Every structure is written in structure tokens, then in C-alpha cells.
Student: 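If you scroll down you'll find the structure; I have some questions about it.
Note that the structure is predicted; figures quoted are calculated from it, not measured. Numbers for residues simply follow the sequence, beginning at 1. Values reported hereafter were calculated over all heavy atoms of this structure, with side chains retained and with hydrogens, waters and symmetry mates removed.
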Amino acid sequence: MFAAVIDTGSFAAAASRLGTSTGQASKLVSRLEKELGVQLIKRTTRALALSEVGRAYYDRIKGIIEDLDALDASVRNAAGTPSGRLRITAPVTFGTTQLTPVLISFAAAFPDIQLDVSFADRLVNLVDEGFDAAIRIGQPADSSLIAKKLCPVRIVLVASPSYFAAQQTPESPADLPLHSCIVDTNFSDPQTWRFNSIDRQGMIETDVRGRLNFSNAEACLAAAEAGLGIARVPSFIAGASLKAGTVRSVLTQYEDVPRGLYAVYPPGRHLALKVRVLVDFLADAFRGQPKWDKGWI
């Protein structure tokens, strides 16, 4: 509990992680301090701070806890039956539209695993927030995590037929600044759209402008369907609309800089069996050309 309080920054968050009450969390840490005969945490009404001896104790105890977790994982692996609580985080739209059916199949295949799935577009800290794994689009920036690529994720440019009835269709990325572009602010550097050149000899960067900015790809697609501009969205978002004809893709001769779908998890000497079977299951489910691309684009 002491380590969880420091990891999460509060007794309430630590209690939530370990499934108890805030009052019990405080009592447990106070009991530890009493047994050790030292103050580990300096408490104020506004914040918590480690004492000098608390910092030294935390640094040592974290390694011991990690060794115990690794030992537990190795014993469970030897048992050969995946079980236990598995906490996963994934982006909202991809999670609800593409990942959920796969996780339902996973739950049916492994009845002893308890799934706890959080859909959030923010970048979750796996270790601090107690997650076993994350599903992310794009190469993870945190080099301390292990990332397994599951499949490619294509990014497409789309607009409605009504928009192109009033505007000339762009012939190259250089034409995009002349158009109303709908910006998804979830992208890194969202105002700069990047493409591979036709001859694959280099990258083309184009700065775009537009009055509509959304932190959600589905909102960007809806604006494009309404004829308000050109949106840049993942193919799993645009696929159904492309198939229905409410939008059409442009600049298909240029390929947006490719991204990938990744399963991300913290490193460890012994990977818990429940995480290993999840990653293998997802790799099988998303292997090859994603189903959302087939016959749609």
C-alpha cells in the first residue's frame, strides 16, 4: 500500500488501485510507519511528500515488490492456465468499434481471466495507473515499454461529393492549403499533414488550415460528410462512409506516413501468462490486412 500511495500520489488513488477504502489505505501506511519507527510520508492537507528515509525505503521496496510480482507470474505461467484480472486501456473509437468484438471472443476463450477495459484517448501511464497492457495507434514514444506491432493502420483523406461539387479536387498535397481542412487534434503536430512522395524517395509535408478542429476522428468524419471540408482520418473510421458513398477519398496516389496498431506492456523478466495470451490473441485477430480495409477503400 505504501508503494501504491507513492506511485499514484494519493491515498484515494492507491486505495482504488488495490480495491480498498481510503481510510484503510491510510491505516495500513500508518501501521507500517509505527512498525518501522519512522515517518515515511509527510502529510499535509494539500499534498504528500516522502521523508528522506521514506525515499530510501521506497527505492529499495519497489525492487523487492517487482521481484515478488515476477515470481508470482512465473508460478502462474508454470500452472499453464491464464487467470486473474487483466487491465487494458485503448483509444475510444478504435476500442468500441474494432477492439471490443475481439475482446469478447478473447473473454469466451479464456473464462478464468477477468477483463477490465478502459477506453480513453489520453496517453495512460501503464505502470503508475496499474494497467497490464495498452492498445495504441502509432509507434509508442516511451522506450521503456515493450511494443508489439499487430497490423498497419492506414490514414486517408476524405470529403463529401457536395464539397467537391463546389471545390476543385486537389491533385497533390501542395493543393491542400487552398482547401478547408478539418483537423483532428489527436494527431501529433495536427496542422502538418505528411505524405510519402509518389517515387518513395522522400516525404512531403504540407501545412493545412481550416476553421474546424476536433479531438475526435468521428467528429472530423461527420464534418466532412456535411460538406465542410477535407478530413484526415484512419481507414477504420472512414471505411463504412466510403462504402456508402457519403464521402470519397482523395490523393490516393499519395500514401500518408504509415502508422501501426500496437500492443504495449511494461517489461519484466517474467511476462504474466494472461498478458502473453492476450498479445498472441490480438496478433492472430489483426494479422494481415485489417478487415476494415477490405473492399472499402
Student: Report yes if some heavy atom in the side chain of Glu218 is under 4.5 Å from a heavy atom in the side chain of Asp184; otherwise report no.
Tutor: no
Student: Answer yes or no: is there a side-chain heavy-atom contact under 4.5 Å between Ser30 and Lys27?
Tutor: no
Student: Do Ile182 and Ile230 share a hydrophobic cluster (ILVMFWY, side-chain heavy atoms under 4.5 Å, transitive)?
Tutor: no
Student: Got Arg232 and Ile155 here, is their nearest side-chain heavy-atom distance under 4.5 Å?
Tutor: yes
Student: Using the side-chain contact (heavy atoms from CB on, under 4.5 Å) definition, which of the options Thr206, Ile204, Leu157 pairs with Tyr254?
Tutor: Ile204
Student: For Val53, which residues count as a side chain to side chain contact (heavy atoms under 4.5 Å, CB included) partner, sequence neighbours excluded?
Tutor: Val38, Ser51
Student: Does the pair Lys42/Glu52 count as a salt bridge with the N-to-O cut at 4.0 Å?
Tutor: no
Student: Locate the shortest heavy-atom distance separating Cys220 from Ala231; write the atom from each residue and the value.
Tutor: O-CB, 3.7 Å
Student: Main chain of Asp189, side chain of Thr192: is a donor-acceptor contact present, judged purely on distance under 3.5 Å?
Tutor: no
Student: If only atom types and distance count, is the side chain of Ser16 paired as donor or acceptor with the main-chain N or O of Ala12 below 3.5 Å?
Tutor: no
Student: Exactly one of Asp207, Asn213, Thr185 should register a side-chain hydrogen bond (donor to acceptor under 3.5 Å, both in side chains) with Gln191. Which one does?
Tutor: Asn213
Student: Determine which pairs satisfy ring-ring contact (aromatic ring centres under 6.0 Å, His included) with at least one residue from residues 110-165, sequence neighbours left out, and list them in order.
Tutor: Phe106-Phe110, Tyr163-His179
Student: Give a yes or no on whether the backbone of Ala15 and the side-chain of Thr20 come within a donor-acceptor separation of less than 3.5 Å.
Tutor: no
Student: Is it possible for you to say whether Val127 and Leu68 belong to one hydrophobic cluster, with membership spreading through side-chain heavy-atom contacts below 4.5 Å?
Tutor: no
Student: Between Glu33 and Arg43, is the closest basic N to carboxylate O distance under 4.0 Å?
Tutor: yes
Student: Does either side chain, that of Asp175 or that of Gln168, offer a donor lying less than 3.5 Å from an acceptor on the other one?
Tutor: no
Student: Can you tell me if Arg122 uses its side chain to pair, donor with acceptor, with the backbone of Pro91 under 3.5 Å?
Tutor: no
Student: Does Glu225 form a side chain to side chain donor-acceptor pair (under 3.5 Å) with Thr246? I'd like the steps, not just the answer.
Tutor: CA-CA 6 Å; Glu225 289 179 318; Thr246 56; 2.9 Å; yes
Student: Are Arg55 and Asp59 close enough for a salt bridge, meaning some N to O gap below 4.0 Å?
Tutor: yes
Student: Do the side chains of Arg85 and Asp132 get close enough for a salt bridge, i.e. N-O under 4.0 angstrom?
Tutor: no
Student: Going through the distances and angles, do Ser162 and Ser160 end up as a side chain to side chain donor-acceptor pair (under 3.5 Å)?
Tutor: CA-CA 5 Å; Ser162 64; Ser160 70; 2.8 Å; yes
Student: To the nearest 0.5 Å, what is the distance between CG on Leu103 and CG on Leu115?
Tutor: 6.0 Å
Student: Any donor and acceptor pair, going by atom type alone, linking the side chain of Arg136 with main-chain N or O of Ala90 inside 3.5 Å?
Tutor: no
Student: One thing to verify: whether Lys274 and Asp112 come together as a salt bridge, which I'm taking to mean a side-chain N less than 4.0 angstrom from a carboxylate O.
Tutor: no
Student: Classify the ring geometry of Phe286 against Phe94: parallel below 30°, tilted from 30° to 60°, perpendicular beyond 60°.
Tutor: tilted
